[in-house]
Chemist: 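The structure under discussion is supplied below as structure tokens; questions concerning it will follow.
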Amino acid sequence: MTKAKELQTLIEDEVIPEIEESIDYLFELVDAKKATAEDKEELKETQDLLKAFRQILTDLEKNEIDEEECAELIEEINEMRNYEEEDEL
């Protein structure tokens with residue numbers, strides 16, 4: 001599997017669903033009028049993050065990201081996810 005395909009799979013199957021789940025939760029807080037200013041800011045940042053990952057997918061489809069950059073992105077995503085898991089503990 002190429003790094004580009006690995007990155008695409010990681011983003012489509014794991015990252016985007018996790019981000020969408022977070023967005024859904026934050027929208028529930030807003031709808032229930034329980035969201036703090038911090039929650040609202042996190043919602044905006046999470047929506048921006050989703051846009052960024054969708055842009056990466058678009059760039060992958062256009063072959064605008066080389067294998068080395070794909071490998072770096074995979075590593076960064078895994079580090080980000082590991083940090084978030086540690087943060088939850």
Side-chain angles (χ1 to χ4, degrees):
M1 176 183 291
T2 66
K3 290 295 180 186
K5 183 63 179 165
E6 183 179 341
L7 178 59
Q8 178 183 1
T9 300
L10 176 63
I11 292 172
E12 288 177 341
D13 295 349
E14 297 181 37
V15 176
I16 287 180
E18 289 174 11
I19 293 171
E20 288 174 337
E21 185 176 316
S22 293
I23 289 171
D24 289 346
Y25 170 74
L26 291 166
F27 268 126
E28 287 175 14
L29 289 179
V30 170
D31 288 344
K33 301 193 185 322
K34 295 181 181 179
T36 64
E38 187 177 289
D39 292 331
K40 291 175 184 176
E41 181 62 27
E42 184 177 347
L43 175 59
K44 182 185 178 312
E45 290 172 3
T46 306
Q47 288 172 320
D48 290 342
L49 186 61
L50 180 60
K51 288 178 191 173
F53 278 110
R54 287 188 172 145
Q55 183 61 51
I56 291 171
L57 290 176
T58 299
D59 293 346
L60 284 170
E61 289 174 12
K62 295 178 181 178
N63 293 317
E64 294 179 354
I65 303 176
D66 63 32
E67 286 293 297
E68 184 178 331
E69 190 174 355
C70 288
E72 291 171 6
L73 287 168
I74 291 167
E75 186 176 326
E76 289 176 20
I77 291 168
N78 287 331
E79 286 175 7
M80 181 178 70
R81 294 173 77 214
N82 288 337
Y83 176 79
E84 288 175 0
E85 286 174 8
E86 290 174 6
D87 218 23
E88 292 175 0
L89 297 176

Chemist: Residues two or more places apart in sequence or in another chain: which of them pass side-chain hydrogen bond (donor to acceptor under 3.5 Å, both in side chains) with Glu20?
Modeler: Arg54
Chemist: Minimum heavy-atom separation for Ile65 and Cys70, please, with both atom names.
Modeler: CG2-SG, 3.6 Å
Chemist: Rounded to the nearest 0.5 Å, what separation is found between the CD atom of Glu61 and the CG atom of Asp59?
Modeler: 9.5 Å
Chemist: Should we count CD of Glu21 as having more than 12 external heavy atoms under 6.0 Å?
Modeler: no
Chemist: Can you list every pair that meets salt bridge (charged side-chain N to carboxylate O under 4.0 Å, His left out) and has a residue in residues 23-49, with sequence neighbours left out?
Modeler: Lys44-Asp48
Chemist: Would you compute the distance between atom CZ of Phe53 and atom CD1 of Ile16 and round it to the nearest 0.5 angstrom?
Modeler: 8.0 Å
Chemist: Determine, stepwise, if the pair Leu29 / Leu43 fulfils side chain to side chain contact (heavy atoms under 4.5 Å, CB included).
Modeler: CA-CA 10 Å; Leu29 289 179; Leu43 175 59; over 6 Å; no
Chemist: Could you tell me the separation between the CD atom of Gln8 and the CE atom of Met1, rounded to the nearest 0.5 Å?
Modeler: 9.5 Å
Chemist: Out of Leu49, Leu50, Thr46, which residue meets the side chain to side chain contact (heavy atoms under 4.5 Å, CB included) rule with Ser22?
Modeler: Thr46
Chemist: Taking atom CG of Leu7 and atom OG1 of Thr2, what is their separation to the nearest 0.5 Å?
Modeler: 9.5 Å
Chemist: Which pairs, with at least one residue in residues 65-83 and sequence neighbours excluded, count as a salt bridge (charged side-chain N to carboxylate O under 4.0 Å, His left out)?
Modeler: Glu14-Arg81, Glu18-Arg81
Chemist: Is the shortest side-chain heavy-atom distance between Leu73 and Leu10 below 4.5 Å?
Modeler: no
